[in-house]
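Below is one structure, written out as structure tokens; comments come after it.
Reminder, nothing fancy here: chain letters follow the sequence lines and each chain counts from 1. Every value quoted in this text rests on a predicted model; they were computed, and no experiment measured them.
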There are 2 protein chains.
Amino acid sequence: MQQKYFQMVTNSENWKLSKDLRPYGNPGSDNFQLEAYPFYMLNRAASRYNLAIEAVLREIGIDIPTWRVLMILGESQPLAIGQVAKSAVINLSTMMRIVERMEKAGLVATSQSEADGRVKQVTMTDAGETTLHEARKVTAPLYDTIIRGFSARDFSTLLTLLDRLIHNLD
Amino acid sequence: MQQKYFQMVTNSENWKLSKDLRPYGNPGSDNFQLEAYPFYMLNRAASRYNLAIEAVLREIGIDIPTWRVLMILGESQPLAIGQVAKSAVINLSTMMRIVERMEKAGLVATSQSEADGRVKQVTMTDAGETTLHEARKVTAPLYDTIIRGFSARDFSTLLTLLDRLIHNLD
DNA sequence: AAAATAAAGTTGCAATCGCAAGTTATTTGC
DNA sequence: GCAAATAACTTGCGATTGCAACTTTATTTT
């Protein structure tokens with residue numbers, strides 16, 4: 001009996017039954033489990049999502065970085081290129097090249113700020129606004145699929161937990 | 001009064017008070033809010049986390065892809081290179097190069113499978129096991145910081161929600 | 001058993017990324 | 001009010017990535 005129980009809790013997937021999973025997600029712990037590691041799950045979710053969204057965006061001829069920038073500018077505009085980079089959590093020099101490409105494609109325009117000559121302001125062009133609108137339209141169905149089965153409560157819980165995670169990362 | 005209420009619910013951050021946030025996270029909706037978009041949050045969290053972990057891993061001389069592969073092999077070994085790629089959600093050809101680098105660094109060894117001549121099996125060397133152990137040790141403190149404030153219930157809820165999200169992504 | 005199809009991995013090549021070392025503009029300390 | 005420090009951006013360059021086309025081995029069909 002004792003033997004059996006011991007086997008039960010150490011075997012395969014049984015850690016999932018534990019009351020407190022936090023130790024299993026600790027990379028330093030002996031009984032570490034990849035599936036209990038929030039950042040493995042986080043990276044998997046983000047990567048999978050990016051694969052899915054990438055396929056959809058290809059239809060309208062844009063890539064993920066472009067879409068991210070458009071989404072950010074859709075929220076507030078114009079924005080310093082450094083702010084865009086921060087929002088997207090993308091290296092400034094990389095963002096430089098992304099904006100360069102987008103400018104060449106006619107999606108955004110850039111200008112030197114009058115208030116502060118160091119900053120480069122980024123604004124969507126009309127074509128950019130149009131593309132953003134299209135991007136939103138084509139990604140909406142995917143959104144519905146992924147959110148399937150999430151109650152209003154689940155949804156807001158997810159947002160809250162992610163937000164707390166992000167805040168702990170300072 | 002009517003006027004004031006209208007202003008209130010359309011202003012700034014007040015969407016957060018809404019009972020059901022799901023519509024705000026829908027890229028197709030008119031009152032879309034970036035912060036209600038789970039994948040913006042997801043990508044932000046993952047990117048921020050990667051920045052933090054990258055800095056820690058640099059101390060022991062490895063990068064994120066290396067660490068991901070070591071973690072995966074730590075879970076089950078030997079593994080076909082294609083399986084490693086799938087687990088890590090990394091392109092096979094990219095994984096090819098990652099394993100190549102790791103092999104050159106003496107962290108893993110590869111061999112052709114006897115059961116199936118097509119598959120390339122990847123195994124950690126002793127040096128790889130040692131590095132994995134070190135990596136776990138140096139990342140553990142970061143883990144504690146990030147998990148701070150998460151109850152056992154919060155933690156398991158996060159894992160469950162992420163898992164459901166991942167499953168919806170098929 | 002041979003031919004056709006599929007699965008698993010390999011590699012050339014062009015594009016993207018990000019570090020490091022700049023430049024230019026603003027702010028701070030004296 | 002000027003020199004030093006800081007902030008914001010820019011760019012060269014080597015490393016990494018991923019598509020596409022290919023090779024090799026296994027499985028399925030005829």
Side-chain angles (χ1 to χ4, degrees), chain A residues 43 46-59 61-69 72 78-105 107-123, chain B residues 43 46-55 57-59 61-69 72-73 78-105 107-123:
Chain A
N43 267 304
S47 300
R48 292 275 212 106
Y49 168 69
N50 284 335
L51 281 183
I53 206 87
E54 193 175 33
V56 171
L57 292 176
R58 193 169 299 135
E59 291 170 23
I62 65 173
D63 60 7
I64 291 182
T66 295
W67 169 74
R68 284 232 238 168
V69 170
I72 287 164
L79 222 50
I81 193 168
Q83 290 310 308
V84 179
K86 240 172 223 157
S87 249
V89 196
I90 288 180
N91 192 294
L92 175 57
S93 85
T94 301
M95 185 53 73
M96 211 69 205
R97 271 66 180 259
I98 294 169
V99 167
E100 217 167 67
R101 275 179 261 154
M102 290 178 72
E103 204 171 2
K104 203 169 294 179
L107 299 174
V108 298
T110 63
S111 62
Q112 192 180 32
S113 160
E114 302 211 343
D116 184 335
R118 293 169 301 179
V119 331
K120 174 179 206 159
Q121 282 185 323
V122 188
T123 325
Chain B
N43 267 306
S47 301
R48 292 276 212 105
Y49 169 68
N50 285 336
L51 281 182
I53 207 86
E54 193 174 35
L57 292 175
R58 194 170 298 136
E59 289 170 23
I62 65 173
D63 60 7
I64 291 182
T66 296
W67 169 75
R68 284 232 239 169
V69 171
I72 287 165
L73 292 178
L79 222 50
I81 193 168
Q83 290 310 307
V84 179
K86 240 172 224 157
S87 249
V89 196
I90 288 180
N91 192 294
L92 175 57
S93 85
T94 302
M95 185 52 73
M96 210 71 203
R97 272 65 180 260
I98 293 169
V99 167
E100 218 167 65
R101 275 179 262 154
M102 290 178 72
E103 205 171 1
K104 204 169 291 179
L107 298 174
V108 297
T110 62
S111 62
Q112 192 180 31
S113 161
E114 302 210 342
D116 184 336
R118 293 170 300 181
V119 332
K120 174 180 206 158
Q121 281 184 326
V122 189
T123 325

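- Atom CD of residue A:Gln83 and atom CD of residue A:Gln121 lie 11.0 Å apart, to the nearest 0.5 angstrom.
- Of the candidates D:dC9, D:dG18, D:dA26, D:dA26 carries the atom nearest the B:Asp116 side chain, counting heavy atoms from C-beta on.
- With rounding to whole Å, A:Leu92 atom CG is found 14 Å from C:dA21 atom C1'.
- Note that CD1 of B:Ile98 is 10.5 Å distant from CD of B:Glu100, once rounded to the nearest 0.5 Å.
- Atom pair B:Met95:CE and D:dC19:P shows a separation of 15 Å (rounding to whole Å applied).
- Shown for residues 46-56 of chain A: no residue has heavy atoms falling under 4.0 angstrom of DNA chain C.
- Atom OG of residue A:Ser111 and atom NZ of residue A:Lys120 lie 9.5 Å apart, to the nearest 0.5 angstrom.
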Between side-chain atoms of residues 84-95 of chain A and protein atoms elsewhere (two or more places apart, or another chain), which donor-acceptor pairs fall under 3.5 Å?
| from | atom 1 | to | atom 2 | distance (Å) |
| --- | --- | --- | --- | --- |
| A:Asn91 | OD1 | A:Ser93 | N | 2.9 |
| A:Asn91 | OD1 | A:Ser93 | OG | 3.3 |

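- The distance between atom NZ of B:Lys104 and atom C1' of D:dT16, rounded to the nearest whole Å, is 13 Å.
- For the salt bridge (Lys or Arg N to Asp or Glu O under 4.0 Å) test, no residue two or more places apart in sequence or in another chain qualifies with A:Arg68.
- Of the residues in residues 79-90 of chain A, none has a non-hydrogen atom less than 4.0 angstrom from any atom of DNA chain C.
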Sort me out a list of protein N/O and nucleotides 14-17 of chain C N/O pairs below 3.5 Å, or just none if empty.
| from | atom 1 | to | atom 2 | distance (Å) |
| --- | --- | --- | --- | --- |
| C:dC17 | OP2 | A:Arg101 | NH2 | 2.5 |

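- Distance CG/A:Asn43 to CG/B:Asn43: 9.5 Å, rounded to 0.5 Å.
- Taking atom CZ of A:Arg118 as the reference point, atom P of D:dA8 lies 6 Å away to the nearest angstrom.
- Within the model, atoms CG of B:Asp63 and CG of B:Leu57 stand 8.0 Å from one another, a figure rounded to the nearest 0.5 Å.
- Considering CZ of B:Arg58 and CD1 of B:Ile64, their distance stands at 9.0 Å, rounded to 0.5 Å.
- Atom CD of A:Glu114 and atom P of C:dA25 are 14 Å apart (whole Å).
- Ranking C:dT11, C:dG18, C:dA25 by closeness to the B:Ser93 side chain, first place goes to C:dT11.
- Judged as a side-chain contact (heavy atoms from CB on, under 4.5 Å), and not counting sequence neighbours, the contacts of A:Glu103 are A:Val108, A:Thr110.
- Mapping A:Lys120 and B:Gly117 onto DNA chain D by nearest heavy atom places A:Lys120 at the nucleotide closer to the 5' end.
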